[in-house]
Amino acid sequence: MTAVVLPLVEILPHLSARGALIGLDLGTKTIGVAASDPDRRLAAGVATIARKAFTADAKAVVALAAERQAAGFVLGLPLNMDGTEGPRAQSTRAFARNFARLTDLPIGLWDERLSTAAVERDLIAADMSRAKRAKVIDQHAAAFILQGALDRLARLRASPA
């Protein structure tokens, strides 16, 4: 069992026609998790996983995917503003490579530049306290990342080949 790990725009042929996608925002201390509906129209935050060790983290993600009968994963790839990859992007790619050995569901990598900053601005605008923001920001960032990916996949499906 080894999943494909591809840029999001190349993952469409590897996905089933229906089924939820699981979005992940990989942080150093937590993993924000979001899920889409089976028709892949809307993303919603699901959970925040406190990071322990890779195996425990991966098992928690696989369990959430099984609960939602997921068809694939979208991992936020934190590129630098100039499009280059720094240590965080390399860490995400390493997670994806290791995670691919634990699932046969395709894994798409999606540019997540500024996702957490955008979500934090929205939560501040909603007058959410710093303490409450800290509890939900990672899953909101995962939903933001996943929604962008869903919108891009929908445009890819709609465009003629």
Side-chain angles (χ1 to χ4, degrees), residues 2-49 51 54 57-58 60-62 64-123 136-159 161:
T2 300
V4 296
V5 179
L6 297 167
L8 185 80
V9 296
E10 296 174 21
I11 202 166
L12 205 50
H14 300 276
L15 292 172
S16 59
R18 286 189 86 237
L21 294 181
I22 302 295
L24 302 176
D25 178 34
L26 301 172
T28 55
K29 296 179 183 173
T30 60
I31 299 173
V33 183
S36 75
D37 62 290
D39 292 321
R40 301 183 195 140
R41 292 196 174 107
L42 186 63
V46 171
T48 300
I49 299 169
R51 298 215 48 186
F54 172 78
D57 300 345
V61 171
V62 167
L64 287 169
E67 280 176 27
R68 289 172 170 67
Q69 299 172 339
F73 297 94
V74 173
L75 271 64
L77 185 63
L79 299 174
N80 294 324
M81 291 309 295
D82 65 0
T84 61
E85 292 190 15
R88 288 192 59 232
Q90 292 167 0
S91 174
T92 297
R93 285 191 184 277
F95 181 96
R97 278 191 307 275
N98 292 328
F99 188 65
R101 295 184 189 117
L102 304 176
T103 183
D104 55 358
L105 298 177
I107 301 167
L109 300 174
W110 178 243
D111 181 355
E112 66 135 311
R113 281 179 272 193
L114 299 179
S115 61
T116 302
V119 168
E120 186 155 28
R121 275 195 311 272
D122 288 348
L123 295 176
V136 300
I137 194 156
D138 295 312
Q139 61 185 276
H140 280 260
F144 185 89
I145 292 164
L146 182 56
Q147 189 63 56
L150 294 173
D151 294 346
R152 180 69 173 116
L153 289 172
R155 287 192 302 275
L156 286 171
R157 280 192 307 269
S159 66

Work out which heavy atom in Phe54 is nearest to a heavy atom in Phe99; give both atom names and the distance. CZ-N, 3.5 Å
Let me confirm one number: the CG-CG distance from Leu153 to Leu12, rounded to the nearest 0.5 Å. 6.0 Å
Got a second to check how far Ile145's CD1 is from Trp110's CH2, nearest 0.5 Å? 11.0 Å
Side chain to side chain contact (heavy atoms under 4.5 Å, CB included) evaluation trace for Leu26 with Arg51: CA-CA 9 Å; Leu26 301 172; Arg51 298 215 48 186; 4.2 Å; yes
Given 3.5 Å as the limit, does a donor-acceptor pair link the side chain of Asp82 with the main chain of Thr84, or not? yes
Just verifying a value: how many Å separate Arg157 CZ and Leu15 CG, rounded to the nearest 0.5 Å? 8.5 Å
Partners of Glu85 by salt bridge (charged side-chain N to carboxylate O under 4.0 Å, His left out), sequence neighbours excluded? Arg93
With rounding to the nearest 0.5 Å, note down the distance linking CG in Leu79 to CG in Leu77. 4.5 Å
Taking atom CG of Leu75 and atom CD of Glu112, what is their separation to the nearest 0.5 Å? 9.5 Å
Drop me the distance from Leu109's CG to Leu6's CG, to the nearest 0.5 angstrom. 8.0 Å
Among Leu24, Leu146, Asp25, Ile107, find the one that has a side chain to side chain contact (heavy atoms under 4.5 Å, CB included) with Val74. Leu146
Scan the side chains in residues 31-47 for donor-acceptor partners under 3.5 Å anywhere in the protein, sequence neighbours excluded, and list what turns up.
unit_1	atom_1	unit_2	atom_2	d
Ser36	OG	Leu21	N	2.9
Asp37	OD1	Arg41	N	2.8
Asp37	OD1	Leu42	N	2.7
Asp37	OD2	Asp39	N	3.1
Asp37	OD2	Arg40	N	3.3
Asp39	OD1	Arg18	NE	2.7
Asp39	OD1	Arg18	NH2	3.1
Arg40	NE	Gly19	O	2.7
Arg40	NH1	Ser16	O	3.1
Arg40	NH2	Ser16	O	2.8
Arg40	NH2	Arg18	O	3.3
Arg40	NH2	Gly19	O	3.3

Find out whether Val61 and Thr103 are in side-chain contact, i.e. whether some heavy atom of one side chain is under 4.5 Å from a heavy atom of the other. no
Where is the tightest heavy-atom contact between Ala60 and Ile49, given as atom of each residue plus distance? CB-CD1, 3.8 Å
Polar side-chain atom of Thr92 near backbone of Arg88 as donor-acceptor pair, under 3.5 Å: yes
